[in-house]
Asker: 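One structure follows; several queries about it will come next.
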Amino acid sequence: MSVAVVGCGVIGRSWMRVFTRAGMPVRVWDPSPEARVTALAWHDAEVTRDRRGGGGAVVASSLPAALDGVRWVQESGPESLDAKRALFAELDRHAPPEAILASSTSTLDMSAIAEGLPGARRCVVAHPVNPPHVVPAVEVLGGLHTDAAVVQAACDLLRSVGQVPVRMHRYVPGFLLNRMQAALVREAIALLEAGVADADAIDAVIRDGLGLRWALMGPFGVANTNADGGAREYFTRYGASFRMLMDDLAGSTTLTPELIERIGGGVDASYPGVPRERLREWRDRMVERITAMKATDHP
Ligand SMILES: NC(=O)c1ccc[n+]([C@@H]2O[C@H](COP(=O)([O-])OP(=O)(O)OC[C@H]3O[C@@H](n4cnc5c(N)ncnc54)[C@H](O)[C@@H]3O)[C@@H](O)[C@H]2O)c1
């Protein structure tokens, strides 16, 4: 089964490796020749790095050529409703009728992207975490006109290539992951702004505290293991404390230049002299190791 990756910037090129690693031939299209060259070079370097082989990736000569005979299209073009609507109209026109059209959109509602399209039933959001070849979760949801069977087939396909599909019932801005991230980041910024602690201390309670358990279980799963009687007992016992803290949490915070500088200074102090590229490589390598351990050591 071959797939098309349409738009091969940061996210598209990572999707290329997700599919080739699973043995699928990938056809790539991007209107920018520079993006195409960079993506192929990045992909080849990644194949060398992970030594996991798989299918090949080729650049197609046009968008219709990229879509010829594919069963899955992973759209990863610019994040604007107009751009996605125009692109999905092209995808729907040229992709085989049985192909699923998936968008990597971080913020947009598929109901709006696919509005009025003859093939709206086959359009889904498959929102990855950056970079998807390292972080497996993908948020999956349809629009108003998407077939439930298409959402199910999308989840099956993503699982078959090693991702973890996370199915949503309906659209909310930011989906699940970015909303929860924003809730936490909002509080982190507010604590820094109020001078409660330094940036490194705020990072440390996640890095060396909550985050270690969250890599294994979500907030509900952790609660379930934090009381002898499980999640029910935990939330019954601590419900009032959570209510008090939730009432005390900060509202929206404006990221002023001064605040951004304090965040920048804080992370510089956390990793003095370590090049950012090395931090990024270490982060991805460790995430891959944790993911591999989780695959072999179950509760
Ligand atoms: N970067 C992230 O952290 C992240 C995470 C999850 C999802 N996303 C989503 O993935 C999508 C791509 O984001 P990105 O960070 O890779 O952006 P990017 O700017 O790196 O890449 C976008 C690519 O789309 C290409 N493009 C422009 N017009 C096009 C067209 N008509 N057809 C096909 N390709 C076209 C551009 O040349 C560029 O290479 C966006 O929808 C974004 O919201 C991004």
Side-chain angles (χ1 to χ4, degrees), residues 1-33 35-77 84 86-105 110 113-114 117-128 131-136 138 140 142 146-147 149-165:
M1 173 186 149
S2 59
V3 307
V5 169
V6 175
C8 58
V10 171
I11 290 298
R13 71 189 183 202
S14 177
W15 274 120
M16 285 163 62
R17 187 58 190 138
V18 168
F19 295 120
T20 63
R21 200 168 61 189
M24 294 174 173
V26 174
R27 255 179 278 137
V28 184
W29 171 248
D30 192 299
S32 155
R36 299 195 298 253
V37 169
T38 305
L40 270 194
W42 179 92
H43 176 265
D44 289 352
E46 196 54 30
V47 173
T48 306
R49 184 192 71 84
D50 70 21
R51 285 183 266 145
R52 286 165 68 179
V58 292
V59 169
S61 55
S62 65
L63 178 60
L67 301 174
D68 187 30
V70 301
R71 301 296 293 271
W72 177 272
V73 180
Q74 187 70 45
E75 176 277 320
S76 303
K84 298 269 192 228
L87 194 44
F88 265 72
E90 290 294 297
L91 299 180
D92 195 29
R93 190 168 305 130
H94 296 293
E98 65 278 14
I100 291 178
L101 311 181
S103 175
S104 298
T105 182
M110 186 46 78
I113 295 175
L117 280 191
R121 46 160 288 279
R122 57 165 166 163
C123 300
V124 288
V125 168
H127 171 237
H133 74 291
V134 174
V135 186
V138 183
V140 181
T146 310
D147 273 2
V150 167
V151 178
Q152 183 59 50
C155 290
D156 294 345
L157 181 285
L158 289 165
R159 201 172 290 110
S160 78
V161 297
Q163 302 302 105
V164 177

Asker: State the CG-SG distance between Leu117 and Cys123, to the nearest 0.5 angstrom.
Answerer: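 Here the interatomic distance stands at 5.5 Å.
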Asker: Among residues two or more places apart or on two chains, list those pairs meeting side-chain hydrogen bond (donor to acceptor under 3.5 Å, both in side chains) that have a residue in residues 14-26.
Answerer: Ser14-His133, Trp15-Ser104, Arg17-Thr20, Arg17-Asp50, Thr20-His43
Asker: Where do Phe88 and Ser103 come nearest, in terms of heavy atoms and distance?
Answerer: CZ-CB, 3.6 Å
Asker: Working to the nearest 0.5 Å, report the span between CH2 of Trp29 and SG of Cys8.
Answerer: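 SG of Cys8 is found 9.5 Å from CH2 of Trp29.
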Asker: Are Ile100 and Leu157 close enough that some pair of their side-chain heavy atoms sits under 4.5 Å apart?
Answerer: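 Result no, sub-4.5 Å side-chain heavy-atom pair not found.
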Asker: Between Leu87 and Leu63, is any pair of side-chain heavy atoms under 4.5 Å apart?
Answerer: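 In contact.
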Asker: Would you name the heavy atoms of Pro165 and Arg159 that are closest together and state the gap between them?
Answerer: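 In this case the closest contact between Pro165 and Arg159 is CG-NH2, 3.5 Å.
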Asker: Are side-chain heavy atoms of Phe19 and Gln74 found at a separation under 4.5 Å?
Answerer: yes
Asker: Heavy atoms only: give me the nearest Asp30-Gly9 pair and the separation to one decimal.
Answerer: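 Heavy atoms of Asp30 and Gly9 come nearest at OD2-N, 4.1 Å.
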Asker: Any Lys/Arg nitrogen of Asp147 or Arg121 sitting under 4.0 Å from an Asp/Glu carboxylate oxygen of the other?
Answerer: yes
Asker: Decide yes or no for Val28 and Arg36: does some side-chain heavy atom of the first lie under 4.5 Å from some side-chain heavy atom of the second?
Answerer: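 Result no, sub-4.5 Å side-chain heavy-atom pair not found.
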Asker: For the CE atom of Met16 and the CG atom of Asp44, what is their distance to the nearest 0.5 Å?
Answerer: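 That separation rounds to 7.5 Å.
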Asker: Testing the basics here: between Ala57 and Leu40, what is the closest heavy-atom pair and its distance to 0.1 Å?
Answerer: O-CD2, 3.7 Å
Asker: Side chains of Val125 and Thr146: does their closest heavy-atom pair fall under 4.5 Å?
Answerer: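 No. Closest side-chain heavy atoms not under 4.5 Å.
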Asker: So, for Met110 and Gly142, which heavy atoms are closest and what is the spacing to 0.1 Å?
Answerer: CB-C, 4.2 Å
Asker: Using atom types as modelled and distance alone, determine if a side-chain donor or acceptor of Gln163 lies under 3.5 Å from a backbone N or O of Pro132.
Answerer: yes
Asker: Closer than 3.5 angstrom, by distance alone: can the side chain of Arg122 be matched with the main-chain N or O of Glu98 as a donor-acceptor pair?
Answerer: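 Not at all, since once roles are kept as given, no pair shorter than 3.5 Å links the two residues.
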Asker: Determine, step by step, whether Asp68 and Arg27 satisfy the side chain to side chain contact (heavy atoms under 4.5 Å, CB included) criterion, reporting the C-alpha distance in whole Å, the side-chain angles of both residues, the deciding distance to 0.1 Å, and the verdict.
Answerer: CA-CA 9 Å; Asp68 187 30; Arg27 255 179 278 137; 3.8 Å; yes
Asker: Closest approach of Ile11 and Pro128, non-hydrogen atoms and distance?
Answerer: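 So the two residues come closest at CG2-CG, 3.9 Å.
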